[in-house]
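What follows is a short report on a single structure.
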Amino acid sequence: MRRYLAPAALLWRAALAASLVCGIGLLPWITRTDPALTVLKARSAERDPTPEVLADIRAQLGLDAGPLPLLGRWIGGLARGDAGRSWISGGEVTPEVLQALGTSLLLVTVTLLVAAVTAALVCARTLRRGAARRPAGRRAGGSGPAVLAALPEFLVASVLATVVGVQLGWLPALGWYGPQWTVLPALALGLPTGAVLGRLLDDLLPGAFAEPWALSAHARGIPGRRVARQAVRRCLPALLPNAGLFVVGLTGGAVAVEQVFDIPGLGRTTLRAALAQDLPVLQAGALALLLLAAGTTALSRLTARLLGGPALRDGALHTLHRPRPPAHRALPLGLGAVLAAVVLLGLPRDPLAVDTGDRLHAPSLAHPFGTDALGRDMLARVGHGALDTLLLAGAITAATLLIGVLLGLVPLLSGALVDTVNAVPAVLAALLVTAVAGSGAVTPALAVTAVAWAPLAAHTSALLLQERATLHVTATRALGASRAHLLRRHLLPPVLTPVARHALLRLSSVALALASLGFLGLGAQPPSPEWGRLLAENQPYAERASWAVLAPAAVLALLGALAVSAAGGVRWRARRQGGSASPGPTSSLPPPVPHERPSPADEFAGQEGQVKSP
């Protein structure tokens, strides 16, 4: 059966990639605009668009033949390694895109180092307790990582560029001339990424430390550090698919950070080509993102299978998802009360009242959050913007959770979709949605929803693969249980809980994606008080009036802390006879110590103790 599924999956992936590239290639015509007019404005804004001039541009670019012949010539040139010439600059596209790809890959490499250090710091407490064989204890909610994950990347980039790069002069802030120029943008991108990855790993580690191999290793006196390393290795197969998605997202989705630091990366190059309708550069950039997505996800899945080893193939794993101590309820209640108080205090005020005599006024009793460049009260704008931002982000999170779980249950269908969708930055998705559905208030929501379900689907598929390989599921299947029974009683309960927590972790990311579109001018438009719009409007005044930027950034961070602290209380209660929450037999992944296997007596003792545990 697998011999036929593999070629079908490859054909499905190829068809999706070709459809996306062709759709991007048809973008100038889908928008019902004249590509010659856009090219003329990009080349020379002062030149009048007379019919003769436009006809000359169409003849030069071959637009008279229509979009399909252009696509055919472009695909034919790819076979010779020629992606054509830019419609704007006239230069060759291939060297430009390869140079942008190299820049992005270097930035991603340094960013992943920052993210790895951040993730290690996030789950350091769990690693220490597990290495010392102490219970996990009541979870504190992780407000610190939540704040890191909720910080807008473009805001962090602006602060680092202004304070560290310009005022202190410690590191270069603008341009791209060597490794030193990667530090500040890598920090802006790596801190939120590492916070999310650290929380996902921290969610899996207690289950790994509770497995029989870890208990046996502790009983034999194996050093706790070696046990901790093996516990991380045990959790990596469920985490690697999302890590692969982060790599692709950092390549094409770092447009705002590349804008702030003036980095000629692939995301920025593709976005500029899309805005200018420079079709050859746009198609080549999209193709590079697709190839990178395919290679990265294939590598991450291969690595996960290698780490799983024979246990994954033979169905001899142990479930990582066990009942965990509940989180503190006081923290989410306190954060929710603070956020509600800010919103309620801002609602009675007028967010559109302009007072030019009170421009950029510092926080005071009359204006607790200060005023913006037009003298409008920031507390009022934050309060009224919360209705749009919170309701929209919550609705998108619920929709992406439902779509991600449903598609994640069908990995043969969703695997190619995840790879393809993840290769499209939210900004480019917004342009495509705008081209098809037109601009409006719904466009940012559709664009973010179109790409935000992919990490949840990948997480669902990875966890489902692990749970299907557990011994209790293998035994239940051998006893004749139906697929529906296995899915309802044994697979969904341990999968839905961590995926639901993951969705809550991404609630602030959804709000940030909407904010990023507003920051780049593709989201809500003035005078809307949406939080992303507030950041975009007040960014030029960050040095003179920092409160105008800190106010919306603070409520975004508060939203992230609330979402993560509330995620600790998410539980999917299954019936006891379902067995999904009960411990399974001893796992064969990984061995207690590299190059050292326990004796048969140790294995038997571990199995006996596991059977007797409630």
Kindly indicate, with the supporting measurements, whether the criterion side chain to side chain contact (heavy atoms under 4.5 Å, CB included) is fulfilled by L464 and L491. CA-CA 7 Å; L464 192 65; L491 297 177; 3.9 Å; yes
Starting at CG of L239, measure out to CG of L200 and round the result to the nearest 0.5 Å. 6.0 Å
Once you round to the nearest 0.5 Å, how far does CG of L456 lie from OG1 of T397? 8.5 Å
Who passes side chain to side chain contact (heavy atoms under 4.5 Å, CB included) against A288, sequence neighbours left out? V97, L266
Please assess R199 against R501 for the test side chain to side chain contact (heavy atoms under 4.5 Å, CB included), listing each intermediate value before the final yes or no. CA-CA 10 Å; R199 287 292 303 180; R501 293 197 193 107; over 6 Å; no
Begin with the C-alpha distance, continue with both residues' side-chain angles, and end with the deciding distance and a verdict on side chain to side chain contact (heavy atoms under 4.5 Å, CB included) for V448 and T400. CA-CA 9 Å; V448 175; T400 53; over 6 Å; no
Between H459 (side chain only) and A503 (backbone N and O only), is there a donor and an acceptor less than 3.5 Å apart? no
Closest heavy-atom pair and its distance - L299, T303: O-OG1, 2.8 Å
Looking at every heavy atom in both G267 and S104, which two are closest together, and how far apart are they? N-OG, 4.4 Å
Smallest heavy-atom separation, V122 atom then G194 atom, equals CG2-O, 4.5 Å
Less than 4.5 Å apart, side chain to side chain, heavy atoms only: is that true for L463 and P498? yes
Which pair of non-hydrogen atoms, one from L184 and one from V164, has the smallest distance, and what is that distance? CD2-CG1, 3.9 Å
Flag, side chain of E258 to backbone of R268, donor-acceptor distance under 3.5 Å: yes
Rounding to 0.5 Å, atoms CZ (R225) and CG (L127) come to a distance of 11.5 Å
Show the numbers, then the answer: is there a side chain to side chain contact (heavy atoms under 4.5 Å, CB included) between L492 and L409? CA-CA 9 Å; L492 276 181; L409 295 177; 4.1 Å; yes
I want to check something: taking the side chain as every heavy atom from C-beta on, are R483 and R477 in contact at a cut-off of under 4.5 Å? no
Over all heavy atoms of both residues, which pair between S300 and L240 is shortest? Give the atoms and the distance, please. CB-O, 3.6 Å
Side chains of R129 and F209: does their closest heavy-atom pair fall under 4.5 Å? no
Between P192 and L187, what is the shortest heavy-atom contact and its length? CD-O, 4.4 Å
For the residue pair E211 and R234, establish whether any side-chain heavy-atom pair is separated by less than 4.5 Å. yes
Testing L504, T460, V499 for side-chain contact (heavy atoms from CB on, under 4.5 Å) with L401, which one passes? V499
So does I396 get a backbone contact from the side chain of T449, meaning a donor-acceptor N/O pair under 3.5 Å? no
Could you give the distance from CG (L406) to CH2 (W453), rounded to the nearest 0.5 Å? 11.0 Å
By side chain to side chain contact (heavy atoms under 4.5 Å, CB included) - contacts of W176 (at least two apart): T103, L106, L107, W181, T182, I263, P264
